[in-house]
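As a basis for the values below, the full set of heavy atoms in this structure was taken, side chains included, without hydrogen atoms, waters or symmetry mates. Given the structure is predicted, the values throughout are model-derived calculations rather than measurements.
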Amino acid sequence: MMSNKGMSRRSFLGLCGIAGLGTIAGLAGCGGSGGGATTTAASTAAASGSSYDPVTLRVAFMPNIGSAGTLYAGIEQGYFDAVGITVEPQQFQAGPAEIAAMSSGDIDVAMIGHGAHSLAIQGQAKIFSFEQLSKADEVVANKAKGINSAADLKGKTVGVSSGTSSEVILQYVLEKAGLTKDDITTVEMDVSGMTTALISGQIDAAATWSPNTVTLKQQLGDNYLMLGTDTDFSDKVAFPGSYCCAPDYADKNKEVLVRFAAALDKAKVYRAEHTDDVAKLLAAKLELPEETLLQSAGEGDWQGAVDAIGHTDVIEGYYKAQQKVFLDAGKIEAEVPVTDYVLTDVITDADKLYESELK
């Protein structure tokens, strides 16, 4: 069992100060289908005497601990049952695809990473739950391609999934080395495709994230070179992952969102205290290698997510600072009030429900 309590708490307190100055910024997105077992909230709620009206939510997630950890912990531990919610998980490969699926009515809510938040800022989704700050993104290179530092990326081919937090890290890595994207050849790929391509030598480097980085390290061995990660730029950015829904869904279902987010709060505590157990659970449910999930168990600030419960002002600071990253990168044209797209009232009410009934 792994616990990040000490270091994560210090990280959280430090970010509180930074967030107040507006100098922080999420995780990458994911998509597909499938996702394992669901709960039966109606029968469980009735058996437990729950006063909540039963509801079913189709929930999009990514196949990693940062995205799916609280979702599956909440399902397994019965936290969603306790608030009358049946969860139907659906796996995706990218945050933008999740938001498109919400817009078409194929799913109800989704966990998105940093990159897809630009779409929320542009009005395509409403954020109703802060999930965690990611430490999962990396720019990885194959040393056999003649790369020994970030400066050696010049003229090289790099796999990228546009609109993800790993693309932002790539930008910072290039800037630090005195390069721009014009100095490299980028190839648009989904994360599984770039993993295969880097291992086979079709590309020279990749902007990717955990647990794919674990697979790359195993396969490339001594030729694996990490050129930059989220934590290398923690003085400039932090990448919040969030749960979101379509604007019209938010308008009609505030009470359901509060219940769902309160159950997520309880699941955040479980994830922080039982990280290895959550990794093993996901490996079993998603049919992924257990060792790979265990090795990626440090991809997020789990205890920091727990510490943020009840501190909506700090969470709002993360999103304010995140906008600066998008503005600097040209992803959005102008600053938008955070409360235009982050449902701070839902976050606050969910935290209160968790504290009063679920804790």
Measure the shortest side-chain to side-chain distance between [X] and [Y] over non-hydrogen atoms and say whether it is less than 4.5 angstrom.
X      : Y      : value
Gln322 : Phe326 : yes
Val336 : Tyr319 : no
Glu76  : Lys285 : yes

Is it the case that over 12 heavy atoms from other parts of the model lie below 6.0 angstrom from the CD atom of Glu188? yes
Answer yes or no: are there more than 12 heavy-atom neighbours, outside Asp222 itself, under 6.0 Å from its atom CG? no
Considering only NZ, NE, NH1 and NH2 on the basic side and carboxylate oxygens on the acidic side, decide whether Asp276 and Lys280 come within less than 4.0 Å. no
Should Lys156 and Asp204 count as an ion pair when the cut-off is N to O under 4.0 Å? no
Would a single hydrophobic cluster contain both Leu282 and Val214, if residues Ile, Leu, Val, Met, Phe, Trp and Tyr are joined by side-chain heavy-atom contacts under 4.5 Å? no
So is Lys266 actually on top of Tyr354's ring, under 6.0 Å and inside 45° of the axis? no
Test of ring centre spacing under 6.0 Å for Tyr318 and His311: no
To the nearest 0.5 Å, what is the distance between [atom1] ([X]) and [atom2] ([Y])?
X      : Y      : atom1 : atom2 : result
Leu358 : Asp351 : CG    : CG    : 11.0 Å
Thr348 : Ile315 : OG1   : CD1   : 8.0 Å
Glu98  : Gln90  : CD    : CD    : 10.0 Å
Ile85  : Tyr79  : CD1   : OH    : 15.0 Å
Leu71  : Met62  : CG    : CE    : 11.0 Å
Thr344 : Ile127 : OG1   : CD1   : 11.5 Å

Pair Gln124-Ser103, side-chain donor/acceptor within less than 3.5 Å: no
Return all side-chain donor-acceptor pairs below 3.5 angstrom for residues 243-265, not counting sequence neighbours, or 'none' if the list is empty.
residue, atom, partner, partner atom, Å
Asn253, ND2, Tyr249, O, 3.0
Lys254, NZ, Asp345, OD2, 3.3
Lys254, NZ, Asp349, OD2, 3.3
Glu255, OE1, Arg259, NH1, 3.0
Glu255, OE2, Arg259, NH1, 3.2
Arg259, NE, Val83, O, 2.8
Arg259, NH1, Asp53, O, 3.3
Arg259, NH2, Asp53, O, 2.6
Arg259, NH2, Val83, O, 2.8
Arg259, NH2, Gly84, O, 3.4
Asp265, OD1, Lys268, NZ, 3.2

Apply the test side chain to side chain contact (heavy atoms under 4.5 Å, CB included) to residues Glu138 and Trp209: give CA-CA distance (whole Å), side-chain angles for both, the deciding distance (0.1 Å), then the verdict. CA-CA 6 Å; Glu138 293 186 13; Trp209 57 85; over 6 Å; no
Using a 4.5 Å cut-off between side-chain heavy atoms of Ile, Leu, Val, Met, Phe, Trp and Tyr, which other residues end up in the same hydrophobic cluster as Met194? Val140, Val187, Met189, Leu198, Ile199, Ile203, Leu216, Leu220, Tyr224, Met226
Heavy-atom pair of closest approach, residues [X] and [Y]:
X      : Y      : answer
Asn223 : Ala144 : OD1-N, 3.7 Å
Glu167 : Val160 : CG-CG1, 3.9 Å
Met111 : Glu131 : CE-CG, 3.6 Å
Ile147 : Ala141 : CG2-CB, 3.7 Å
Arg271 : Ala305 : NH2-CB, 3.9 Å
Leu170 : Ala207 : CB-CB, 4.0 Å

Give the C-alpha distance, both sets of side-chain angles, the deciding distance and a yes or no for salt bridge (charged side-chain N to carboxylate O under 4.0 Å, His left out) between Lys181 and Glu175. CA-CA 9 Å; Lys181 280 192 176 180; Glu175 288 179 358; over 6 Å; no
Show the numbers, then the answer: is there a side chain to side chain contact (heavy atoms under 4.5 Å, CB included) between Thr180 and Leu174? CA-CA 6 Å; Thr180 70; Leu174 291 172; 5.9 Å; no
